[in-house]
Amino acid sequence: MKILVTGGAGYIGSITTAELVQAGHDVVVFDNLYQGHADAVHPEAAFVQGDLADQAALKRLFAEHRGIDGIMHFASYTLVGESMEQPLMYLRDNLVNAANLLEQAVAHDVGRFILSSTANLFDDPERMPIDENERIVPGSPYGESKFFVERLLHWFARIHGLRYACLRYFNACGDTPGRGEDHDPETHLIPIVLQVALGQRRHITVFGDDYDTPDGTCVRDYIHVVDLAQAHILAMEALDQLGSRKYNLGNGSGFSVLEVIETARRVTGHPIPHVVGPRRPGDPAVLIASSETIRRELGWQPRYTELEDIIRSAWEWHQAHPHGYAK
Ligand code: UDP
């Protein structure tokens, strides 16, 4: 298939692009390089630098790359904490950018769409692990903006016959030898912990130790980015047969912030000092996924089930690229 990947220079988008190319798909990457890196784009993918807010650029993209079979939409603002400080960046821009993309998708008869959605839809879960029947309570403007886009897709499916899958990721992490996580500023737990191990930071600050969890720190479900990428490919390939779908994607087990730090100490051999700071606004106490639906319907099986293996894959990339990508 010919797949348009928005955000294909970013962390999850670039690794998914590489997996798509390896699986024999033809890939066009569209990315504004706001957080992405040109070096992360697989050399066999066509790369177009542009912004989803720029409707003329999007029209040119679809005019120049005809015959797109499906879209994987990664490009968006993605930070819970930032969204609590700058809500319109999320509530407006993530929505408008997705609407611009969908307008062109429909105009060019692209019938398949995979959305990077989020576990931040589940701020107040009634059951743990969280399955697809859980009620939606966005935990932040970030989560709400993803819910807006899920609703856009619902209406585009009803009105235009689009087939879509929403993949609600829990905590994406881990790297591949060629591509890894490189944000500026970095806000995610595992890369920050590894920056301490590399001597680039003195300590990690744990955001709150007074949550209602066994050790008081937040519990998350950490899923390797290659397993996420494989889920995207399976979901895209199954859309024609199964129709639109929503899947929660995680490993099914939770680890606290302190357990992540402890595992990273074992993997790196570094003491990784930590200090406890205040809670980060927008963080729920526990998020653990049930991915039974995607396992059953698509036969998805995560390859990385052990946190230690996930952190090791990230440690290898961070040691080889201590300052991230060159560009
Ligand atoms: N976290 C932390 N210190 C940091 C970064 C993150 O204690 O410097 C915690 C954060 O509060 C959350 C977990 O680590 O409970 C995972 O956060 P991350 O930002 O990696 O992912 P998110 O859960 O926001 O998707």
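Order of listing sets the numbers, starting from 1, for every ligand and every atom in it.
The six-membered or imidazole ring of Trp317 lies near that of Tyr325, with a centre-to-centre distance under 6.0 Å.
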Under 3.5 Å, which donor-acceptor pairs link side chains of residues 75-94 to any protein atom two or more places apart or in another chain?
residue: Ser76; atom: OG; partner: Lys146; partner atom: NZ; Å: 3.0
residue: Glu82; atom: OE1; partner: Tyr90; partner atom: OH; Å: 2.4
residue: Ser83; atom: OG; partner: Val80; partner atom: O; Å: 2.8
residue: Ser83; atom: OG; partner: Tyr142; partner atom: N; Å: 3.1
residue: Tyr90; atom: OH; partner: Leu79; partner atom: N; Å: 3.0
residue: Tyr90; atom: OH; partner: Leu79; partner atom: O; Å: 3.3
residue: Asn94; atom: OD1; partner: Tyr77; partner atom: N; Å: 3.0
residue: Asn94; atom: ND2; partner: Tyr77; partner atom: O; Å: 3.1
residue: Asn94; atom: ND2; partner: Ser145; partner atom: OG; Å: 3.0

Side-chain donor-acceptor pairs under 3.5 Å in residues 231-241, sequence neighbours left out?
residue: His232; atom: ND1; partner: Leu228; partner atom: O; Å: 2.8
residue: His232; atom: NE2; partner: Tyr169; partner atom: OH; Å: 2.9
residue: Glu237; atom: OE2; partner: His25; partner atom: NE2; Å: 3.1
residue: Asp240; atom: OD1; partner: Arg112; partner atom: NE; Å: 3.0
residue: Asp240; atom: OD2; partner: Arg112; partner atom: NE; Å: 3.4
residue: Asp240; atom: OD2; partner: Arg112; partner atom: NH2; Å: 2.8

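Here the CG-CG distance, from Asn171 to Leu189, works out to 8.5 Å after rounding to the nearest 0.5 Å.
Closer than 4.0 angstrom to ligand 1 lie heavy atoms from Asn171, Thr187, His188, Leu189, Ile192, Ile204, Thr205, Val206, Phe207, Cys218, Arg220, Tyr222, Val257, Arg280, Asp283.
In the displayed structure, Lys2 atom NZ is contacted under 6.0 Å by more than 12 heavy atoms of other residues, nucleotides or ligands.
Taking the side-chain hydrogen bond (donor to acceptor under 3.5 Å, both in side chains) definition, one finds that Glu19 meets it with Gln230, sequence neighbours left out.
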